[in-house]
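Keep in mind that the numbers below use all heavy atoms, side chains included, and drop hydrogens, waters and symmetry copies. In what follows, every chain begins at residue 1, and chains take the letters A, B, ... in the order their sequences are listed. In this text, all values refer to a predicted model and were calculated from it rather than measured experimentally.
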Amino acid sequence: MKFLIENAKRAQTFLSSRICITSLGTDINNVNVVGGADVSYKKDWGCATAVAYNIKSDSILSYATYCDKVSIPYIPGFLAFREAPLIIKALNKLLNKVHIEVLFINGHGLAHPRKFGIASHIGLIFNMPSIGIAKNLLYGDIVLRDNREAIVVENTVVGYVLVINSHRIYVTIGHRITADEAASLAMRTWKKGYALPEPIRLADEISRKEVKKSAANL
DNA sequence: GCGACAG
DNA sequence: ATCTTGTCGC
């Protein structure tokens, strides 16, 4: 089936109504395992990596990868249609081994033209709490609130801009979590000196090595 | 038409 | 995202 922008837009608009901006339920301080997912490429060959990171022991519990040829190009606002197929496969392999309490996705959640970025997309598919972690803003306004830079979409705070020295990241609600919880978890797993929180940084690092390994098969 | 534009 | 070695800056 061919990828059509108009169909993708309708799907996103419809699915965004299923997103929950509810509290994680458990106290942020009791979260132990956070997942992280990212994709790296070589031309049209992509490798997705899903990692399970233990906050308390500051170590990777497990990880899984999945590589395949991608046919849909990167189009701002439709990243999920390109990357989700790979992430879903890698995530299923990971979940077959370990349990994760919340998932970080490289990209946005509700800071999206139709409030359905890849973090919301993946979170909804797995019915799991998810958070979008991005290095650049795609959509939304930055507003100062209580001395913090909030990301606002349709008069709703969907996330926050987090800063550590020269690094800036955009953290937004994916699914089943609040903006404050998302920001707290991202900050809690973000080590000084790195551009991204550990779960995402590790997924990025592993997928980059993986794409080089599988590059020999091309 | 012009500018913006996750990875 | 990716192409890419050494090099300038915090």
>> Output the rounded distance in Å from CD1 (Ile72(A)) to C1' (dA1(C)).
In response: 16 Å
> Looking at Lys135(A), does any N or O in its side chain come under 4.0 Å of the phosphate oxygens OP1/OP2 on dA1(C)?
Replying inline: yes
>> Within the structure provided, determine whether Ile105(A) and Glu83(A) are in side-chain contact (heavy-atom separation under 4.5 Å).
In response: no
>> Tell me the interatomic distance from Asp204(A), atom CG, to dA6(B), atom P, rounded to whole angstroms.
In response: 16 Å
> How is Ser40(A) classified with respect to the nucleic acid when contacts are heavy atoms under 4.0 Å: base, sugar-phosphate, or nothing?
Replying inline: sugar-phosphate
> Using a cut-off of less than 4.0 Å, is there contact between a side-chain N or O of Asn136(A) and OP1 or OP2 of dG7(B)?
Replying inline: yes
>> Using OP1 and OP2 only, check whether a side-chain N or O of Tyr74(A) sits under 4.0 Å from dA6(B).
In response: yes
> What string of B, S and - do you get for nucleotides 5-10 of chain C 5' to 3' if you count protein non-hydrogen atoms under 4.0 Å?
Replying inline: ------
> Charged N to carboxylate O under 4.0 angstrom, Lys89(A) versus Asp68(A)?
Replying inline: no
>> Name the residue from Val31(A), Ile55(A), Val34(A), Leu24(A) that meets the side chain to side chain contact (heavy atoms under 4.5 Å, CB included) definition with Glu101(A).
In response: Val31(A)
> Looking at OG of Ser207(A) and CG of Leu202(A), how far apart are the two atoms once the value is rounded to the nearest 0.5 Å?
Replying inline: 10.5 Å
> Between His121(A) (NE2) and dG7(B) (P), how many Å, whole number?
Replying inline: 17 Å
>> Whole angstroms only, please: what is the CD1-P distance between Ile87(A) and dG7(B)?
In response: 12 Å
>> Expressed as a whole number of angstroms, how long is the span from Ile173(A):CD1 to dA6(B):P?
In response: 20 Å
>> Could you check whether any side-chain heavy atom of Asn92(A) comes within less than 4.5 Å of a side-chain heavy atom of Asn96(A), counting everything from C-beta outward?
In response: no
>> What is the separation between atom OH on Tyr170(A) and atom P on dA4(B), rounded to the nearest whole Å?
In response: 15 Å
> Roughly, in whole Å, what's the span from CD in Glu205(A) to C1' in dA1(C)?
Replying inline: 17 Å
>> I'd like to know if Glu198(A) and Arg201(A) make a salt bridge, using a cut-off of under 4.0 Å between side-chain N and carboxylate O.
In response: yes
>> Over all strands shown, is Phe78(A) touching base, sugar-phosphate only, or nothing at heavy-atom distances under 4.0 angstrom?
In response: base
>> I need the CZ-P distance between Phe104(A) and dG7(B), as an integer number of Å.
In response: 16 Å
> Looking for any heavy atom pair under 4.0 Å, which part of the strands does Ile118(A) touch: base, sugar-phosphate only, or nothing?
Replying inline: base
> Base, sugar-phosphate, or nothing for Asn165(A), non-hydrogen atoms under 4.0 angstrom?
Replying inline: nothing
> NA contact type, Gly77(A), heavy-atom cut-off 4.0 Å: base, sugar-phosphate, or nothing?
Replying inline: base
> Do Glu181(A) and Ser23(A) have side-chain N/O donor and acceptor atoms under 3.5 Å apart?
Replying inline: yes
> For the atom pair CD1 (Ile122(A)) and CD1 (Ile87(A)), what is the distance rounded to the nearest 0.5 Å?
Replying inline: 5.0 Å
>> If the cut-off is 4.0 Å, is Arg208(A) near the phosphate of dA1(C), judged by side-chain N/O to OP1 or OP2?
In response: yes
> Is the distance from OP1 or OP2 of dG7(B) to the nearest side-chain N or O of Asn106(A) less than 4.0 Å?
Replying inline: yes
